[in-house]
Amino acid sequence: MLKLKNIRKGFPILARTINGHPLVYFDNASTAQKPYPVIAAMSDFYASRNANIHRGIHTLSYEATEAYEAVRERVQRFINAKSRDEIVFTSGTTESLNTVAFGMKYLLKAGQEILLTEAEHHSNIVPWQIVAAERKMKLKYIPIKSDGRLDLHAYHKLLNKRARVVAITHASNVTGAITPLQKIIPAAHKMGSLVVVDAAQSVAHIPIDVRRLDCDFLAFSGHKAYGPTGVGVLYGKRDLLESLRPFKYGGHMIKRVTKDQTTLANPPEKFEGGTAPLAEVIGLGAALEWLEQTGLKNIITHESSLSRHTLVRLRAIPGLRLHGPDRASARLPIISFTLDGVPAHDIASLLDAQGIAVRSGHHCAQILHEAFGQPATTRASLAVYNTRQEVDQLAKALLYIQNKFHGD
Ligand SMILES: *Cc1c(COP(=O)(O)O)cnc(C)c1O
């Protein structure tokens, strides 16, 4: 069981007031708040351990290297990768996905196909569009059903031997719908296609086991998992990482440089050119440790019950339309909606006046909004520190907004 009061005390920002009201933070799918251990680990790194890593002979550099590499091993354990060499530090999900797309570009051929879904975040669409255009490949989109779930039947029809990549989100950042990867991945492999998983939303809410999933690549960011911005992870199967070309060249990623040529380092160093975001990696390690100590199981129990409660409360509001699966168990605690006759941005700004932070717009998923026939939605995305009382406040505020606009 989670001790919610203690959890909340661990996040200093939750003590803030916004426009005269205690902060209700429902914008976790954009970025989550950070607990003390993360803030402390980063400030402690700068205050007492800061030095550049690798090849340093002096003690501080040695300590910084140890701390940095210990986080790689923590990430490896966290997602159950086979080896530390399969964990690449990047600046975030976007860079991780770009590293895969542009790294495998040279292995792709005209006429081959890339499958995406209509629910992808722009960062899992745009790199593939660029690569597909360069290599004269075909892009296909697996359709999303009206309840936000993937159309599996259509997937099987779209998939054939020309597929080289299926790049797919583990969970939608708009509807929260969880992708049935255990069905998607084996089918793709049967056709000889690789599978790239965008775990930006799922990593702090669902246990991830890359060996059980058997995905080929997986990407996530630190900042949506209670860690810092500026750091992310790319997991890749060892032999596949070896076959990719890096797109960043410079220091730290080489074995030997002569006037004429360079021998590259092995993965993961091959992809970590330049000085790494050291304090951020340390902060990510603290965030994963915090998640492990809090217990993903406890977090899931709390968040599912909160999701169910939110769905019930929001369904009771006249004129409110929810997007995404009906069942709370089929989704992350991400709830997007539209309110009849009230523009999404007005909802967000009226909620902000009451201290409630939500997001409005297309949430970097314009294709999905087009499929829903809505240019914009309002999104309340929940996290471990949110409470039922906060959800009740949101529901009450939405009812008030609804009445205000329709004047009864
Ligand atoms: C946030 C997000 C991204 C991009 O993450 P960055 O941290 O901005 O690089 C990609 N995919 C999904 C599903 C996201 O929610």
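Whatever order the structure lists them in is the order used to number ligands and atoms, beginning at 1.
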Can you give me every donor-acceptor pair (side chain of residues 223-233, partner residue at least two apart or in another chain, under 3.5 Å) with its distance?
from	atom 1	to	atom 2	distance (Å)
H223	ND1	T31	OG1	2.8
Y226	OH	V384	N	3.2

Only pairs under 3.5 Å count here: list side-chain donor-acceptor contacts from residues 286-300, not counting sequence neighbours, and write none if there are none.
from	atom 1	to	atom 2	distance (Å)
E292	OE1	R74	NH1	2.7
T294	OG1	W290	O	2.7
N298	ND2	T294	O	2.9

Under 3.5 Å, which donor-acceptor pairs link side chains of residues 3-11 to any protein atom two or more places apart or in another chain?
from	atom 1	to	atom 2	distance (Å)
R8	NH1	Y385	O	2.6
R8	NH1	E390	OE2	3.4

**Prompt:** Stepwise, does the side-chain contact (heavy atoms from CB on, under 4.5 Å) test hold for I53 with E66?
**Reply:** CA-CA 8 Å; I53 56 169; E66 290 265 286; over 6 Å; no
**Request:** Assess whether salt bridge (Lys or Arg N to Asp or Glu O under 4.0 Å) is satisfied between R238 and E242, documenting all intermediate values.
**Result:** CA-CA 6 Å; R238 172 85 210 219; E242 278 181 11; 2.7 Å; yes
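Partner of S336 under the side-chain contact (heavy atoms from CB on, under 4.5 Å) criterion, out of R321, R359, R379, Q374: R379 alone.
Residues of the protein with a heavy atom under 4.0 Å from ligand 1 are T93, T94, H121, S123, T169, N173, D198, A200, Q201, S221, H223, K224, listed by chain and number.
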